[in-house]
Amino acid sequence: MDDMLKEFVVEALDLATNVEEHLLALERNPDDLNTINAVFRSFHTIKGGAGFMNLPAMVSACHLTENLFDALRNGQVAVTPMAIEAALQASGFVADQLEELANGAPPESLPAMPQSLEVILTSAIEGGAAPQAAATNAPPPATPTAATADGLDWHALYLAVVPAGTAVAAPANDAVTAAAPTEQTTAPPAAKTGNWDGVERRTGAAEKSTTAVKEESIRIDAGKLDALLEVAGESVQAANQAAVLLEKLAQFPMEGQAATLMSALAETLNRASRYSTELQRATLSTRMQPVGKLFQRFPRLVRELAKELGKDVDLQIEGAETEVDRVVVDSLYDPLVHMLRNSLDHGIEDNATRAASGKPAKSVILLKAWQEASSVMIEISDDGKGMDAQALRAKALAKGLISDTAAQTQEEMLQLVFLPGFSTKEVANSVSGRGVGMDVVKTAVEKHRGAISIDSRLGVGTRFSIRLPIELSIVPTMLVRSSDAALALPMAVVERVVELPEEFEKVGGAPVLRDQGRPLPVRSLAGALGYELQTERVGIVIAAPQPYILSVGIVEGTADLVIKPMTAMHVDGIAGTARSAEGELVLVVGLSFLLEGSKQTYKSNTVRLAA
């Protein structure tokens with residue numbers, strides 16, 4: 001894909017996504033003229049670019065939709081369900097074509113505009129057309145002619161993109177230009193019906209305004225940003241190591257010129273460390289994106305799935321301005337789709353059941369995001385029937401997915417929905433029931449050092465909570481040591497550090513310590529990771545759904561570490577590696593491992609106390 005086409009696809013995809021959001025808002029508030037104008041402008045802009053890129057099917061779809069919204073904003077047509085549906089189909093067609101281009105399809109391979117789309121758009125335009133005479137005089141919509149499909153008026157396209165008054169006159173023998181009616185260059189495109197020739201005329205003022213806006217930002221390849229962040233992270237790491245070496249060097253006596261040089265070196269390293277940290281933060285900020293760019297893709301999805309399932313659902317979005325690393329935004333689409341489908345199909349009752357239970361006919365799904373310390377929280381909740389934990393366990397046992405002694409608590413039973421192959425649907429449909437989906441969600445979340453939990457009450461509803469680091473590459477950690485291994489715990493789940501006693505209370509044979517009046521189980525970090533047990537006299541209170549105390553040998557401090565994922569091998573409980581300021585290799589304990597209670601490899605290990 002050439003650079004001009006790539007630029008068009010990126011910008012047009014943003015516009016197409018915004019169009020869907022506006023259309024769904026317009027469906028709720030048909031009299032909102034600002035929304036109508038916004039949709040008109042979006043299709044108008046996409047049409048102009050598509051014409052310049054020689055994409056006739058996209059041009060035709062945009063032009064007919066533009067005609068529809070011109071009629072809507074002029075009061076000639078009312079905002080009806082047919083008008084909304086026609087516009088949604090048009091935006092879906094445009095988005096599909098843009099996605100194909102983004103995936104490398106050549107422009108000439110794109111399909112033509114479907115006849116069904118032309119019919120519904122034309123019907124929507126004519127449905128509220130005021131004067132019959134105007135409809136009679138207007139040329140009927142037509143399919144693209146051979147001239148439109150095989151070639152465009154390139155001189156007219158040239159006139160469309162150069163500032164007014166600077167265009168060079170066309171040669172006298174330009175047959176295409178000579179064939180074009182003179183009034184076409186002055187008539188507004190919205191006044192025409194049928195298929196458009198791809199020519200968009202602009203005024204000089206509008207052209208200058210667009211150019212001024214574009215100069216405020218530039219597009220940079222994401223790979224270049226990732227490389228820059230990698231270098232920035234390594235520079236911070238190098239500066240930290242240099243500071244440690246300088247501190248050790250300062251312990252030796254120095255006099256005269258050596259002392260002067262030592263002082264200058266310390267000042268230089270402090271400045272280098274400060275600048276490298278600022279560079280790292282600035283680079284990180286370029287990768288941050290509001291989750292709203294992701295959330296705005298879901299209202300239409302929920303609308304269509306609800307319609308397919310015969311349910312009345314309102315999707316509410318909160319916290320769309322919350323920012324998170326763009327890699328997380330890009331990777332969360334599929335997991336959130338699976339959870340929304342799960343809420344729609346499994347969670348939300350049918351209309352008759354809701355009426356019988358005294359619930360409102362319209363159900364609510366809430367998609368919410370907010371920042372919490374160094375994490376981003378994303379929740380999907382519904383007011384549906386909730387999840388029967390005992391039924392989930394019985395289903396998992398029947399499928400042979402768990403043993404008779406597994407999943408004893410409410411929380412553990414709810415977590416069974418994340419097992420591969422697990423489904424409560426007896427018959428698969430087009431939405432769910434094939435035993436895939438929720439395990440994909442857990443895998444995708446944990447891939448980015450996140451964790452997911454479930455809270456559900458029968459008859460009330462279900463809430464899925466995702467916790468993710470705001471920044472993927474830099475993680476605030478607490479440095480600890482257990483069984484002579486250097487380990488780092490994400491600060492997102494660390495509440496505080498406590499001293500462990502020589503003797504513990506026992507509940508069911510397991511050690512328990514009272515912390516702020518609540519009895520918390522004590523679990524060994526070394527034992528959970530399968531290391532040889534040694535004396536552990538320091539406890540760390542972990543802020544998990546079920547809080548507990550994690551015992552370690554010593555706490556060595558805190559540090560922002562540059563995390564490297566483990567790609568060559570998998571180790572239970574370990575999310576990645578990092579280098580400490582002293583250059584020592586540190587294993588970073590996984591966030592999900594800690595939130596789930598550090599039980600994945602924990603086999604009744606107890607804390608070994610000092611003799």
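The chain is numbered in sequence order, starting from 1.
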Asn37 side-chain N/O to Leu33 backbone N/O, donor-acceptor pair under 3.5 Å | yes

Grab the two heavy atoms, one from Ser592 and one from Ala451, that are nearest each other, plus how far apart they are.
-> CA-CB, 3.7 Å

Using atom types as modelled and distance alone, determine if a side-chain donor or acceptor of Asn103 lies under 3.5 Å from a backbone N or O of Glu99.
-> yes

Is there a side-chain contact (heavy atoms from CB on, under 4.5 Å) between Thr122 and Glu118 once you walk through the steps?
-> CA-CA 6 Å; Thr122 304; Glu118 182 176 346; 4.0 Å; yes

Of all heavy-atom pairs between Gln316 and Asp314, which one has the smallest distance, and what is that distance?
-> NE2-OD2, 3.4 Å

Any Lys/Arg nitrogen of Arg467 or Glu372 sitting under 4.0 Å from an Asp/Glu carboxylate oxygen of the other?
-> yes

Using the test side chain to side chain donor-acceptor pair (under 3.5 Å), find all partners of Asp32 that sit at least two apart in sequence or belong to another chain.
-> Thr35

Minimum heavy-atom separation for Val77 to Ala124, with atom names?
-> CG1-O, 3.6 Å

4.5 Å side-chain heavy-atom contact, Asp345 and Leu309 = yes

Kindly write out the residues that satisfy ring-ring contact (aromatic ring centres under 6.0 Å, His included) with Phe418, not counting sequence neighbours, or none if the list is empty.
-> none

Taking Asn74 for its side chain and Asp70 for its backbone only, find out whether a donor-acceptor pair lies under 3.5 Å.
-> yes

Run the side-chain contact (heavy atoms from CB on, under 4.5 Å) check on Met377 and Thr322 step by step: do they pass?
-> CA-CA 9 Å; Met377 300 295 299; Thr322 305; over 6 Å; no

Do Leu336 and Phe295 come close enough that some side-chain heavy atom pair is under 4.5 Å?
-> yes

Distance col, row Glu379:CD vs Arg463:CZ, nearest 0.5 angstrom, shows 5.0 Å

For the student: nearest non-hydrogen atoms of Gly450 and Leu468, plus distance | CA-CD2, 3.8 Å

For Asp312, does its backbone N or O pair with a side-chain atom of Ser363 as donor and acceptor, under 3.5 Å?
-> yes

Report yes if some heavy atom in the side chain of Leu591 is under 4.5 Å from a heavy atom in the side chain of Glu446; otherwise report no.
-> no

With respect to Glu20, which candidate in Arg300, Arg303, Arg297 satisfies the side chain to side chain donor-acceptor pair (under 3.5 Å) definition?
-> Arg300

Give a yes or no on whether the ring-centroid distance for Phe298 and Tyr333 is below 6.0 angstrom.
-> yes

Please identify each residue that fulfils side chain to side chain donor-acceptor pair (under 3.5 Å) with Glu323, with sequence neighbours left out.
-> none

Is the shortest side-chain N to carboxylate O distance from Lys564 to Glu234 below 4.0 Å?
-> yes

Taking the side chain as C-beta and beyond, is there a heavy-atom pair between Ile46 and Glu11 under 4.5 Å?
-> no

Test item: Gln89 and Ile120 side chains (from C-beta on) under 4.5 Å apart, heavy atoms | yes

What pair of heavy atoms forms the shortest contact from Met288 to Asp325, and how long is it?
-> SD-N, 3.8 Å

Looking only at atom types and distance, does a side-chain atom of Ser60 sit under 3.5 Å from a main-chain N or O of Pro56, one as donor and one as acceptor?
-> yes

Report the C-alpha separation of Leu26 and Ile84 in whole Å, then their side-chain angles, then the decisive distance to 0.1 Å, and conclude whether the side-chain contact (heavy atoms from CB on, under 4.5 Å) test is met.
-> CA-CA 8 Å; Leu26 187 62; Ile84 297 293; 3.9 Å; yes

Quick one: does Ile380's side chain get under 4.5 Å of Ser343's, heavy atoms only?
-> yes

Output yes when a side-chain donor or acceptor of Lys311 lies under 3.5 Å from a complementary backbone atom of Leu344, and no otherwise.
-> yes

Roughly how far, to the nearest 0.5 Å, is the CD atom of Glu304 from the NZ atom of Lys307?
-> 8.0 Å

So do Thr462 and Ile454 actually touch side chain to side chain, heavy atoms under 4.5 Å?
-> yes

List the atom of Ala369, the atom of Val291, and the distance in Å for their closest heavy-atom pair.
-> CB-CG2, 3.8 Å

Side-chain contact test, heavy atoms from C-beta onward, threshold under 4.5 Å: evaluate it for Leu23 versus Ser91 and give yes or no.
-> yes

Do any N or O atoms from the side chain of Ser235 and from the backbone of Ala232 form a donor-acceptor pair under 3.5 angstrom?
-> yes

Charged N to carboxylate O under 4.0 angstrom, Glu349 versus Arg354?
-> yes

